[in-house]
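So the structure is just underneath, and the comments pick up after that.
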Amino acid sequence: MKIFAGLLLIALPATAEETTGLTDDTIKIGVMGPFSGNAASYSKAEIGMMAYYEKINDEGGVNGRKLVAVQEDTACDPAKGLAAVKKLISQDEVFMLHGNSCSGVALAIRPVVEEAGLPWVIAHAASDSISDPLAPNIFHGLPTGSANGRAMAEFVLSRPDTERVAIIEHSNDWAHSYSDPARAYLKEQGVEPVADQTMERGQTDATAQILKLREAKPDFIIAALYEAETAIFLRDLKKYGMSDIPVMGTAGTDLENTLKRVGDFETVKNYFVIHSYIDSLDGAGLKPWGDMITKYYPDEQLSTFSFASLGSAVAVVEALKNAGPDLTRSKFIAELEKIDNLDTGILSHPITFTADDHQGVKGSAVAGFVDGQPTVLRSWGERF
């Protein structure tokens with residue numbers, strides 16, 4: 001009787017929760033992003049990802065199913081993010097979640113997603129706390145803050161004769177997700193920051209912070225600031241005659257976009273940013289991806305944010321294909337955990353997930369202006 005009961009259990013069809021969001025010819029995917037508000041430029045990451053869905057659909061879909069994006073706006077606001085994710089789960093009944101920009105939103109919705117149990121592949125928000133501690137259904141498909149923070153500090157110290165490093169940051173968890181790992185790496189190398197300054201979001205003047213930094217005489221500055229505040233900080237650095245000091249920024253900024261914001265190359269000539277891709281925005285390596293986005297979203301103006309979610313999208317499609325036509329959420333999660341050293345063709349580092357580690361990308365390149373041109377670097381003076 002026990003054997004017979006076991007056979008019955010094996011023969012049972014997948015539960016409704018396991019196949020929620022699936023039809024014979026579609027896979028419904030919830031896509032959250034800041035499509036409005038001050039952080040709307042980050043929604044380019046979700047648009048790039050949805051363009052990739054369209055490309056896959058034009059190629060026949062995944063095991064006979066088309067990818068259907070159900071789009072919800074979070075406005076980079078935790079309360080709106082909670083409303084959006086609850087709608088996607090309960091009302092739209094999506095199979096999985098993919099995307100999300102803004103770590104504050106992602107951290108707010110994590111408990112809801114973890115309890116609901118549906119797969120969520122984070123494609124743009126970088127805070128480690130979104131996927132650590134480990135949740136069975138939550139995966140990070142881009143470098144996390146800790147990976148980026150260490151990469152920032154590694155690049156800073158790869159510059160010859162760099163001994164005095166200063167840090168300026170927002171006081172939020174997003175900034176700390178970069179600055180804390182950077183500090184840890186600096187400490188491992190015997191370097192203590194010569195100055196620690198805070199610049200809050202929405203601040204329109206950095207004079208007080210820069211005067212303190214000038215007293216500290218840093219060789220390099222690590223700036224864990226959002227793009228708007230980065231532009232203000234760089235302008236004020238130039239104003240006080242400090243624009244020759246190199247500044248290392250986060251993935252929350254875009255090199256070319258920052259240049260557009262400040263409108264002056266001299267202000268950004270020594271600015272560097274974490275850059276997770278194999279090439280610069282206008283480089284040959286990213287051109288096929290940019291052409292793809294433009295094909296499906298002809299009015300979209302490309303920035304490096306446009307490519308942020310594409311590596312995770314490649315991993316999602318890989319796992320969906322490998323899960324086969326009898327798709328369930330559990331099978332999809334199991335296939336994600338089998339992804340090993342996946343070269344996405346766009347990220348500078350591969351994606352590897354395991355059952356014990358859902359943070360898939362362990363490093364990042366850096367972008368800066370070399371001879372006036374945006375250039376991807378492995379270390380100071382070493383092109384990617």
Side-chain angles (χ1 to χ4, degrees), residues 29-50 69-94 96-116 118-132 135 137-142 144-145 148 169-179 198-204 224-232 249-254 257-258 261 297 300-301 303-306 308-309 312:
I29 301 175
V31 176
M32 296 173 289
F35 296 100
S36 66
N38 292 335
S41 63
Y42 295 154
S43 69
K44 290 179 178 294
E46 281 71 42
I47 290 169
M49 182 176 65
M50 291 188 292
V70 182
Q71 189 174 321
E72 282 294 326
D73 182 23
T74 68
C76 205
D77 177 85
K80 291 182 178 179
L82 282 167
V85 75
K86 289 176 181 178
K87 178 179 180 295
L88 288 169
I89 293 170
S90 301
Q91 183 175 323
D92 298 310
E93 295 187 318
V94 297
M96 62 170 289
L97 301 168
H98 191 196
N100 194 83
S101 299
C102 305
S103 290
V105 173
L107 289 167
I109 70 175
R110 173 184 158 131
V112 175
V113 178
E114 187 173 3
E115 182 179 358
L118 77 167
W120 179 25
V121 178
I122 300 118
H124 193 205
S127 175
D128 284 78
S129 300
I130 307 166
S131 55
D132 183 22
N137 57 319
I138 299 176
F139 295 78
H140 241 125
L142 75 161
T144 62
N148 279 329
E169 61 181 324
H170 297 315
S171 62
N172 58 16
D173 288 338
W174 171 83
H176 298 330
S177 73
Y178 288 96
S179 62
T198 300
M199 182 177 179
E200 298 297 357
R201 291 192 66 185
Q203 197 168 320
T204 58
L225 305 172
Y226 282 122
E227 197 170 80
E229 290 77 19
T230 294
I232 292 164
T250 72
T253 62
D254 171 280
N257 222 42
T258 303
R261 278 182 181 265
Y297 293 86
E300 183 70 7
Q301 185 175 358
S303 80
T304 53
F305 293 140
S306 304
S309 298
S312 67

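Sequential numbering from 1 along the given sequence is applied to the chain's residues. No experiment lies behind these values; they were computed from the predicted model shown.
For Glu229 (side chain) and Gly202 (main-chain N/O), a donor-acceptor pair under 3.5 Å exists by modelled atom type. For the pair Ser177 (side chain) and Asp128 (backbone), a donor-acceptor distance under 3.5 Å is absent. A distance-only check finds a donor-acceptor pair linking the side chain of Ser103 to the backbone of Ala126 [under 3.5 Å]. Put simply, the side chain of Asn100 never gets that close to the backbone of Val105: no donor and acceptor are under 3.5 Å apart.
Using a 30° and 60° split on the angle between ring planes, Tyr178 and Trp174 fall in the perpendicular class, above 60°. Classification of the Phe305-Tyr42 ring pair by plane angle, with boundaries at 30° and 60°, yields perpendicular.
Under the side chain to side chain donor-acceptor pair (under 3.5 Å) criterion, Thr198 pairs with no residue at all, not counting sequence neighbours. Taking the ring pair (Phe, Tyr, Trp, His ring centres under 6.0 Å) definition, one finds that His140 meets it with nothing, sequence neighbours left out. With sequence neighbours left out, Pro111 forms a side chain to side chain contact (heavy atoms under 4.5 Å, CB included) with no residue at all. Residues passing the side chain to side chain donor-acceptor pair (under 3.5 Å) test with Glu169 are His176, Ser179, Arg183, sequence neighbours excluded.
Residues Arg110 and Ala135 come closest through the heavy atom pair NH2-CB, 3.7 Å. When all heavy atoms are compared, the tightest approach of Leu118 to Val113 is O-CG1, 3.9 Å. Across every non-hydrogen atom of Asn172 and Arg201, the tightest pair is ND2-CD, 3.9 Å. Cys102 and Pro34 make their closest contact through SG-CG, 4.2 Å (heavy atoms, listed as atom of the first residue, atom of the second, distance). Nearest heavy-atom pair, Leu82 versus Ile109, reported as atom, atom and distance to 0.1 Å: N-CG2, 3.8 Å. Closest of all the heavy-atom pairs between Ser312 and Gly141 is CB-O, 3.6 Å.
Two residues are said to be in side-chain contact when any heavy atoms from C-beta on lie closer than 4.5 Å; Gln301 and Ser306 fail this criterion. With contacts defined as side-chain heavy-atom distances shorter than 4.5 Å, the pair Met50/Gln71 qualifies. Considering only heavy atoms from C-beta on, Asn148 stays 4.5 Å or farther from Thr250 through its side chain. Under the 4.5 Å side-chain criterion, counting only non-hydrogen atoms from C-beta, Leu225 is not in contact with Thr253.
With rounding to the nearest 0.5 Å, the separation of NZ in Lys86 from CD in Gln91 is 13.5 Å. Summarising the geometry, atom CD belonging to Gln203 is positioned 9.0 Å from atom NE2 belonging to His170; distances are rounded to the nearest 0.5 Å. With values rounded to the nearest 0.5 angstrom, Glu114 atom CD is found 13.0 Å from Ile130 atom CD1. Once rounded to the nearest 0.5 Å, the distance linking CG of Leu142 with NE2 of His124 reads 7.5 Å. Here Ile122 contributes atom CD1 and Ser309 contributes atom OG; the two are 11.0 Å apart, rounded to the nearest 0.5 Å.
Note on residues 74-84: no pairs pass salt bridge (charged side-chain N to carboxylate O under 4.0 Å, His left out), not counting sequence neighbours. Among residue pairs with one or both ends in residues 32-44, those qualifying as salt bridge (charged side-chain N to carboxylate O under 4.0 Å, His left out) are Lys44-Glu300; sequence neighbours excluded.
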Could you walk me through whether Ser36 and Asp73 pass the side-chain hydrogen bond (donor to acceptor under 3.5 Å, both in side chains) check?
CA-CA 7 Å; Ser36 66; Asp73 182 23; 2.5 Å; yes
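A 6.0 Å sphere centred on CG of Asn38 holds no more than 12 heavy atoms belonging to other residues, nucleotides or ligands.
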